[in-house]
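In listed order, ligands and their atoms are each counted from 1.
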Amino acid sequence: MSASRTIMLGFTGASGMPYGLRLLECLLAADCRVWLAYSTAAQIVAKQECDLVLPAQPREATRQLAARYGARDGRLTVFGNDDWNAPAASGSNPADAMAICPCTMGALGAIAGGLADNLIERAADVMLKERRPLVLVPRETPLSAIHLENMLKLARAGAAIVPPAPGFYDHPKSVEELVDFVVARVLDQLVVPHRLGPRWGAARGGPDNSAGTQPA
Ligand SMILES: Cc1cc2nc3c(=O)[nH]c(=O)nc-3n(C[C@H](O)[C@H](O)[C@H](O)COP(=O)(O)O)c2cc1C
């Protein structure tokens with residue numbers, strides 16, 4: 001089902017780059033075609049949090065990240081965040097779904113305001129106008145009234161707001177399990193199958209982990 005699915009993925013400069021990288025890994029493992037763009041601030045956070053240099057040159061970034069995650073040929077394309085020729089910049093050729101993970105309050109505000117000032121913001125704007133799934137993983141604490149109003153505005157416009165707020169009811173033993181809890185909820189919203197962690201009620205006859213449709 002996901003083989004033909006194209007996912008636009010944006011990394012912005014909020015804390016939580018492990019979520020974004022794990023999401024990229026899982027999308028490629030599910031054989032999705034992934035279009036990736038990241039902001040300058042995301043490059044700084046990737047270095048800070050994951051000791052990972054995200055190359056400035058899209059071609060080099062595609063090569064490095066495809067090798068890192070064992071992506072099949074052509075499944076990953078990295079675009080510059082100012083590349084208006086990218087397919088995701090137009091409603092005539094949008095992705096099937098988009099996630100911004102992690103998502104800054106700045107990007108959230110810009111998308112809520114319809115600015116479309118870079119590829120990530122424009123692609124998100126396209127998803128909303130074309131009524132396709134847009135998943136935002138916003139990270140800040142505490143949240144101001146401005147942040148909350150922007151989230152409400154975006155939720156009303158059709159976006160899924162998926163804060164990185166892992167549950168503890170499965171007794172996570174590692175940071176990786178906490179990361180996977182959040183990434184699983186994002187994959188569910190993107191309708192990409194995964195087997196990250198148990199699903200509530202599966203042992204009692206509920207759906208198993210191969211579908212991507214259960215709520216949090
Ligand atoms: C290490 C680090 C962590 C940051 N964490 C957050 C965060 O959690 N949430 C947030 O909204 N901004 C955070 N910022 C600030 C944003 O990176 C900054 O507002 C930036 O201009 C956002 O640009 P972008 O939306 O284009 O990525 C962080 C910055 C750094 C360097």
Which pairs of nitrogen or oxygen atoms, taken one from ligand 1 and one from the protein, are under 3.5 angstrom apart?
{"residue": "ligand 1", "atom": "5 (N)", "partner": "Ser15", "partner atom": "N", "Å": "3.2"}
{"residue": "ligand 1", "atom": "8 (O)", "partner": "Ser15", "partner atom": "N", "Å": "3.1"}
{"residue": "ligand 1", "atom": "8 (O)", "partner": "Arg139", "partner atom": "O", "Å": "3.2"}
{"residue": "ligand 1", "atom": "8 (O)", "partner": "Arg139", "partner atom": "NH1", "Å": "2.8"}
{"residue": "ligand 1", "atom": "9 (N)", "partner": "Arg139", "partner atom": "O", "Å": "2.7"}
{"residue": "ligand 1", "atom": "11 (O)", "partner": "Met105", "partner atom": "N", "Å": "2.8"}
{"residue": "ligand 1", "atom": "14 (N)", "partner": "Gly13", "partner atom": "O", "Å": "3.1"}
{"residue": "ligand 1", "atom": "17 (O)", "partner": "Gly13", "partner atom": "O", "Å": "2.7"}
{"residue": "ligand 1", "atom": "25 (O)", "partner": "Thr104", "partner atom": "OG1", "Å": "2.6"}
{"residue": "ligand 1", "atom": "27 (O)", "partner": "Gly13", "partner atom": "N", "Å": "2.8"}
{"residue": "ligand 1", "atom": "27 (O)", "partner": "Ser39", "partner atom": "OG", "Å": "2.6"}

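Atom CG of Leu148 sits in a crowded spot, with more than 12 heavy atoms from other residues, nucleotides or ligands closer than 6.0 Å.
Side-chain atoms of Gln64 never come within 3.5 Å of backbone atoms of Glu60 as a donor-acceptor pair (strictly under, hydrogens ignored). Judged purely by atom type and a 3.5 angstrom limit, Asn81 has no side-chain atom pairing as donor or acceptor with the backbone of Asn118. Checked by atom type and distance alone, the side chain of Arg122 pairs as donor or acceptor with a backbone atom of Ala89 at under 3.5 Å.
Residues Asp125 and Lys129 are not paired through a salt bridge, judged by the lack of any N-O separation under 4.0 Å between the basic side chain and the carboxylate.
Residues Phe11 and Ser39 are not in side-chain contact: their nearest non-hydrogen atoms beyond the backbone lie 4.5 Å or more apart.
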